[in-house]
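Below is one structure, written out as structure tokens, with a few remarks after it.
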Amino acid sequence: MAQTRVVLWEGGSLWLVDAARFEGETRSTDFHAHHAIQVTFSLGGTFRLVAEDEASTTTDTVVAADGLHRFEAEGRIALLFVEPESRLGRGLASRHISGTLTELAPSPLLAAELAALTTSDWRAADSEIVAWGRRLVGALAADERAEIPDYRIRKVIVWASERLDRTLSLADAVPVAGLSSSRLRHLFVEQTGLPFKTYLLWLRLSKAVAIVARGSPLTAAAHEAGFSDSAHLSRTFRRMFGVAPTALQMLT
């Protein structure tokens, strides 16, 4: 059983995973893709990442947004997820990503943060784990000054994030952006890389993960995040992360 501690903040999340062997087999996921940039770190454990068009890798690695991949893990690892539309996400991408999988170059600052996280108490307060996650993102993005999304798209993302328990459509967002439907559709894809409906699904999933991480049952998380039921949430979670949400045992 994998034991997992999940903390989230605006624009990112950090998953601390202890992937124990089960009957002698390494824990693994199915092929999946998610909109967030994923950075996988060893915290004393081992992992193997595989993409369809690239060789597998065994070192600290960045997975590009929407990149199809799978991974196997044993022992303690960390998964850092960063919103690609954020300033730090764009800085991270421009600095480190050269394909679906990109191995990280050695960094003294990053090594120091990971060494501290490896020996830390995973039952620490959320604020302490969040601070680690933010420092990891900062170390990765360094001084990059990547362009942030168009302000009208940022308004739509914030507007949608506050209404995930409702049925939303691109037409509903038109007055928020102050654009025609066709222009908003084009600009949204141009700025985020995803159609509005697909991006909305990612927002719903991110909210559901945050609710489950607080200890709420799947059914409550599904309804609050705008999924039809817990089965819908479970299917989406498996498609996006390669595992069922029930496979994660939250540390309390």
Side-chain angles (χ1 to χ4, degrees), residues 2-9 11-21 26-29 32-51 54-65 67 69-84 86 88-124 126-142 144 206 209 213 240-243 247-251:
Q3 291 186 312
T4 303
R5 175 73 184 275
V6 179
V7 294
L8 297 96
W9 61 93
S13 66
L14 180 63
W15 300 40
L16 304 177
V17 180
D18 191 345
R21 279 182 175 267
T26 303
R27 308 304 294 172
S28 62
T29 71
H32 62 285
H34 39 68
H35 189 51
I37 298 167
Q38 174 186 319
V39 191
T40 308
F41 302 104
S42 169
L43 299 180
T46 60
F47 64 86
R48 180 173 179 263
L49 275 159
V50 182
E54 296 184 38
S56 63
T57 180
T58 56
T59 60
D60 295 346
T61 300
V62 183
V63 182
H69 66 286
R70 65 182 296 275
F71 76 89
E72 304 168 353
E74 179 187 357
R76 285 189 163 199
I77 64 170
L79 302 174
L80 178 67
F81 294 99
V82 184
E83 286 289 347
S86 67
L88 289 174
R90 293 194 175 204
L92 190 162
S94 66
R95 185 177 178 85
H96 295 288
I97 293 179
S98 59
T100 301
L101 304 179
T102 307
E103 296 182 9
L104 288 172
S107 161
L109 178 59
L110 195 58
E113 292 293 350
L114 291 173
L117 187 56
T118 299
T119 59
S120 70
D121 182 358
W122 287 11
R123 298 176 190 271
D126 282 357
S127 58
E128 186 174 342
I129 305 297
V130 165
W132 252 307
R134 289 184 179 276
R135 288 198 298 270
L136 288 173
V137 178
L140 289 165
E144 295 291 332
S206 297
V209 168
M240 298 290 269
F241 293 110
V243 295
L248 301 179
Q249 178 183 341
M250 300 299 176
L251 294 174

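Keep in mind that the numbers below use all heavy atoms, side chains included, and drop hydrogens, waters and symmetry copies.
In this structure, the side chain of Ser120 does not engage the main chain of Trp122 through any donor-acceptor pair within 3.5 Å. With Gln38 contributing its side chain and Val62 its backbone, the two residues share no donor-acceptor pair below 3.5 Å.
Between Val82 and Gly89, the shortest heavy-atom contact is CG1-CA, 3.6 Å. Residues Gly99 and Ala64 come closest through the heavy atom pair O-CB, 3.6 Å. Between Ala36 and Pro84, the shortest heavy-atom distance links the atoms CA-CD, 3.9 Å. The shortest non-hydrogen separation linking Ala51 to Thr100 is CB-CG2, 3.7 Å. Of all the heavy atoms in Thr118 and Gly44, the pair that sits closest is CG2-N, 4.5 Å.
Taking 4.5 Å as the limit, every side-chain heavy atom of Asp60 sits out of range of all side-chain heavy atoms of Leu110. By the 4.5 Å heavy-atom criterion applied to side chains, His32 and His69 are counted as neighbours. When side chains are defined from C-beta on, Leu104 counts as touching Phe41, because their heavy atoms get closer than 4.5 Å. A heavy-atom distance below 4.5 Å is not found between the side chains of Phe71 and Val63.
For the atom pair Glu72 CD and Ile77 CD1, the distance stands at 11.0 Å (nearest 0.5 Å). Of the inter-residue distances, the one linking Ser42 atom OG with Leu114 atom CG reads 8.5 Å to the nearest 0.5 angstrom. Of the inter-residue distances, the one linking Leu117 atom CG with Arg76 atom CZ reads 9.0 Å to the nearest 0.5 angstrom.
In this structure, the ring pair (Phe, Tyr, Trp, His ring centres under 6.0 Å) partners of Phe81, at least two apart in sequence or on a different chain, are Trp15, His34, Phe241. In this structure Ala93 satisfies the side-chain contact (heavy atoms from CB on, under 4.5 Å) test together with Ile37, Ile97, sequence neighbours excluded. Under the rule for a side chain to side chain donor-acceptor pair (under 3.5 Å), the partners of Thr59 that lie at least two apart in sequence or sit in another chain are Glu103. Partners of His96 according to the side chain to side chain donor-acceptor pair (under 3.5 Å) rule, which considers only residues two or more places apart in sequence or in another chain, do not exist here.
Using modelled atom types, one finds no donor on one side chain facing an acceptor on the other under 3.5 Å when comparing His35 with Glu83.
Residue pairs that meet the salt bridge (charged side-chain N to carboxylate O under 4.0 Å, His left out) test with at least one member in residues 35-44, sequence neighbours left out, do not exist here.
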Chi angles and distances behind the side chain to side chain contact (heavy atoms under 4.5 Å, CB included) call for Val17, Leu43: CA-CA 9 Å; Val17 180; Leu43 299 180; over 6 Å; no
Show the numbers, then the answer: is there a side chain to side chain contact (heavy atoms under 4.5 Å, CB included) between Val6 and Val209? CA-CA 8 Å; Val6 179; Val209 168; 4.0 Å; yes
Which pairs would a plain distance check flag for residues 126-142, meaning a side-chain donor or acceptor within less than 3.5 Å of a matching protein atom at least two apart in sequence or in another chain?
| residue | atom | partner | partner atom | Å |
| --- | --- | --- | --- | --- |
| Asp126 | OD1 | Arg5 | NH2 | 2.5 |
| Arg135 | NE | Glu113 | OE1 | 3.0 |
| Arg135 | NE | Glu113 | OE2 | 3.1 |

